[in-house]
Amino acid sequence: MRFKKAIGLALCVSMVLGCLAGCGKEEQPEESGESSEYPFKVEDLNGYVFTVADSNVNRWFPEEGSSEIGNAIINRVETVERLFNCEIERIDFNGEEAARAAMAGTKYADIIVSPTYAMARYLLKSKALVDINTLEGLNLDAEYWTRWGDTSILKYHDKIYALGAPFACQHDEAFVIFFNKAIIEELNLESPYDLYARDEWTMSKLLDYCRAAKKDLNGDGVFDENDRYGFICGHMFDGPFVLYMGAGGKILRETEDGHFEFELNTKDAFRLVNQIKEILDPFENSYKNNGNLGQLDATNVFVNGQTLFYCYSRGRGMADAIYDMEDDFGIVPMPKGDNAGPNEYNCWVSHDAANMGIMANNPDIEKTIMITEALAYFSQEENEIEENEFLANKLRDDTARDIVQNINQYAMIDYAWVGWQLGENGAYNEGFNDMIWKVWDVAMSNSSNQIMATIQSVEKKVEISIQELEDVLNQRN
């Protein structure tokens with residue numbers, strides 16, 4: 001079978017937690033040194049307070065008994081506290097406070113968990129994040145790190161400033177495409193599952209299917225918001241970019257010598273954007289969204305059978321109405337480019353996805369590393385529960401389950417989205433901001449404009465922004 005199979009857990013965490021439950025609070029932690037029971041060092045930290053800066057309280061201290069996942073999270077925190085004789089506390093993440101602490105050379109927190117954009121906006125420029133690759137004791141190649149959404153979004157050549165952690169997963173933030181099986185059958189189209197299985201799920205196929213889906217549902221001879229189209233994106237702004245990057249298009253391409261090249265001003269990029277313009281053509285192939293549709297409204301357009309495809313991530317609850325829709329549905333990755341190589345699919349991970357970074361200016365870095373590794377290890381139980389519940393209770397066929405379970409193989413990010421956040425005083429970087437809105441303008445607002453001339457008008461600004469981004473990532477003043 002062509003889909004990657006998830007590797008089984010090396011150790012049954014529930015058995016571990018069952019054994020630990022039999023130990024009283026008064027029991028002393030294990031002696032320092034490597035434990036034969038765990039693949040990490042266990043040491044008595046004498047009541048050390050491990051501070052997590054994360055505004056999501058449910059990742060750390062959910063209400064007891066609220067859910068099976070919540071109970072597993074509580075077990076994870078209490079187990080680590082008991083093993084290391086430490087206390088885990090949570091504070092709301094405040095990017096400005098974290099940046100000020102970094103500039104002052106003082107400790108803010110042991111780890112930060114925040115969306116990608118906040119990491120870039122507040123912490124990269126202030127040099128607040130340590131290069132995780134330089135830290136000994138984090139086994140980032142272990143399956144409990146890689147299985148649950150490690151896309152290394154803030155990885156730059158041999159540097160890693162932040163990444164998806166097992167206790168701050170990104171596996172539900174990769175953009176995918178939902179499709180309506182009833183419409184596929186009505187139109188006598190081949191299932192997208194079959195196209196994907198043959199590695200033929202491409203942008204041209206998406207466009208062909210969108211064209212076929214258009215239908216005057218109420219028979220009034222006018223195509224408007226009451227009729228059916230091919231495509232809608234759950235968040236209007238994301239549409240051009242998730243299609244472009246899904247098809248292998250690069251905004252910034254990393255070179256082997258540590259630099260970025262601007263790829264959006266190439267002929268291949270122009271051709272791809274023009275193809276995307278066709279897919280997003282309002283009231284032709286795409287349901288028109290002029291900004292008055294919220295994300296849940298866009299979901300309901302698909303649920304009501306008014307589009308063949310719906311593009312979004314499954315996280316944050318925006319796609320929940322799909323799981324109860326009357327028509328059957330399936331899920332495939334974003335379509336690849338027409339000239340892409342074998343299995344070259346790309347699913348953008350939203351820059352709202354959680355990332356974990358470790359703060360610099362931490363005099364207790366060894367303790368931070370030990371506890372972080374243990375938290376990652378003991379997160380396996382909650383992630384297995386969450387994934388199994390979703391696969392079993394939300395999806396309706398084994399192919400969708402296999403695709404969703406292994407979607408991380410396609411997860412990606414473009415550094416333009418990181419660079420976009422690096423403006424002054426919280427403002428967007430001017431060059432990247434202009435570039436992003438030019439793409440939006442051509443694909444969504446003024447499709448009569450020529451992509452080549454539009455992008456070339458901001459090329460010099462973008463080159464300056466690229467240099468600024470490289471300086472930040474290389475920690476140059």
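Salt-bridge annotation for Glu278 and Arg211: present, with a side-chain N of the basic residue lying under 4.0 Å from a carboxylate O of the acidic one. Checked for salt-bridge contact, Glu284 and Lys277 miss the test: no charged N lies under 4.0 Å from a carboxylate O. In summary, Lys159 and Asp131 do not engage in a salt bridge, as defined by a charged side-chain N under 4.0 Å from a carboxylate O. A salt bridge is absent between Arg59 and Glu382; no separation between the charged side-chain nitrogens and carboxylate oxygens falls under 4.0 Å. Here Glu386 pairs with Arg314 in a salt bridge; the nearest charged N to carboxylate O distance falls below 4.0 Å. Salt bridge absent: Lys205 and Asp208 never bring a charged side-chain N and a carboxylate O closer than 4.0 Å. A salt bridge links Lys461 with Glu430: the distance from a Lys NZ or Arg NE/NH1/NH2 to an Asp or Glu carboxylate oxygen falls below 4.0 Å. Under the 4.0 Å criterion applied to side-chain N and carboxylate O atoms, Glu186 and Arg228 are assigned as salt-bridge partners. A salt bridge does not link Lys336 with Asp338: none of the charged nitrogens is closer than 4.0 Å to a carboxylate oxygen.
Side chain of Asp297 to backbone of Gly294: a donor-acceptor contact under 3.5 angstrom is found. Side-chain atoms of Asp216 come within 3.5 Å of backbone atoms of Asp220 as a donor-acceptor pair (strictly under, hydrogens ignored). Judged purely by atom type and a 3.5 angstrom limit, Thr307 has no side-chain atom pairing as donor or acceptor with the backbone of Tyr310. In this structure, Asn133 contributes its side chain and Ile160 its backbone to no donor-acceptor pair below 3.5 Å. One N or O on the side chain of Arg401 and one on the backbone of Leu391 form a donor-acceptor pair closer than 3.5 Å. Looking only at distances, a side-chain donor or acceptor of Asn304 sits under 3.5 Å from a matching main-chain atom of Asn300. In terms of modelled atom types and a separation under 3.5 Å, the side chain of Ser286 and the main chain of Ile232 share no donor-acceptor contact. In terms of modelled atom types and a separation under 3.5 Å, the side chain of Ser114 and the main chain of Ala118 share no donor-acceptor contact. Between the side chain of Asn71 and the main chain of Gly65, a donor-acceptor pair closer than 3.5 Å is present.
Between the CE atom in Met435 and the CG atom in Leu252 there is a gap of 6.5 Å [rounded to 0.5 Å]. Taking CG of Leu308 as the start and CG of Asn285 as the end, the distance is 11.0 Å to the nearest 0.5 Å. Annotation: the span from Tyr156 atom OH to Leu469 atom CG amounts to 7.5 Å, rounded to 0.5 Å. Note: Glu173 CD to Ser313 OG = 4.5 Å, rounded to the nearest 0.5 Å. From Asp268, atom CG reaches atom NZ of Lys250 across 14.0 Å, with rounding to the nearest 0.5 Å. Once rounded to the nearest 0.5 Å, the distance linking CD1 of Ile436 with CG of Asp441 reads 13.5 Å.
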Hey, mind stepping through Glu387 and Arg147 against side-chain contact (heavy atoms from CB on, under 4.5 Å) and telling me if it holds?
CA-CA 11 Å; Glu387 181 178 74; Arg147 176 70 184 87; 3.0 Å; yes
Carefully, step by step, assess Lys125 and Glu424 under the rule salt bridge (Lys or Arg N to Asp or Glu O under 4.0 Å).
CA-CA 10 Å; Lys125 286 189 71 174; Glu424 294 296 329; 3.1 Å; yes
Pair Glu225-Phe283, side-chain contact (heavy atoms from CB on, under 4.5 Å): steps then yes or no:
CA-CA 8 Å; Glu225 66 276 4; Phe283 288 161; 4.2 Å; yes
Go through it in stages, so that I can follow the logic: the residues are Lys438 and Glu459, the test is salt bridge (Lys or Arg N to Asp or Glu O under 4.0 Å), and I'd like the CA-CA distance, side-chain angles, deciding distance and then a yes or no.
CA-CA 11 Å; Lys438 291 296 184 184; Glu459 190 171 352; over 6 Å; no
Where do Ile455 and Val439 land on the side-chain contact (heavy atoms from CB on, under 4.5 Å) test, with the steps shown first?
CA-CA 8 Å; Ile455 295 300; Val439 174; 3.9 Å; yes
I would like to know whether Asp227 and Tyr287 meet side-chain contact (heavy atoms from CB on, under 4.5 Å); could you show each step before the answer?
CA-CA 9 Å; Asp227 297 310; Tyr287 188 96; over 6 Å; no
Taking it one step at a time, do Asp172 and Arg316 satisfy salt bridge (Lys or Arg N to Asp or Glu O under 4.0 Å)?
CA-CA 8 Å; Asp172 62 351; Arg316 291 167 284 172; over 6 Å; no
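Using bins of under 30°, 30° to 60° and over 60° for the plane-to-plane angle, the ring pair Tyr122/Phe93 lands in the perpendicular bin. Between Trp60 and Phe167, the ring-plane angle classifies as tilted under the 30° and 60° cut-offs.
Between Tyr108 and Thr51 the shortest side-chain heavy-atom distance does not fall below 4.5 Å. Between Asp110 and Ile358, the closest side-chain pair of non-hydrogen atoms is not below 4.5 Å.
A donor and an acceptor atom, one from each side chain of Gln456 and Asn265, are nowhere located under 3.5 Å apart. In this model, a donor atom of one side chain and an acceptor atom of the other lie less than 3.5 Å apart for Asp402 and Asn406. For Asp414 and Tyr244, the side-chain atoms include no donor-acceptor pair closer than 3.5 Å. When only modelled atom types and interatomic distance are considered, Tyr345 and Asp199 share a side-chain donor-acceptor pair under 3.5 Å. No side-chain donor-acceptor contact under 3.5 Å links Tyr161 and Asn355.
Geometrically, Lys214 does not engage Tyr229 in a cation-pi contact, judged by NZ or CZ lying under 6.0 Å from the ring centre and within 45° of the ring axis. Taking the ring axis of Trp420 as reference, the NZ or CZ atom of Arg121 does not stay both within 45° of it and closer than 6.0 Å to the ring centre.
Here the rule is ring pair (Phe, Tyr, Trp, His ring centres under 6.0 Å) with Phe309, and of Phe302, Phe178, Trp201 only Trp201 fits it.
Aromatic ring centres of Phe432 and Trp437: separated by at least 6.0 Å.
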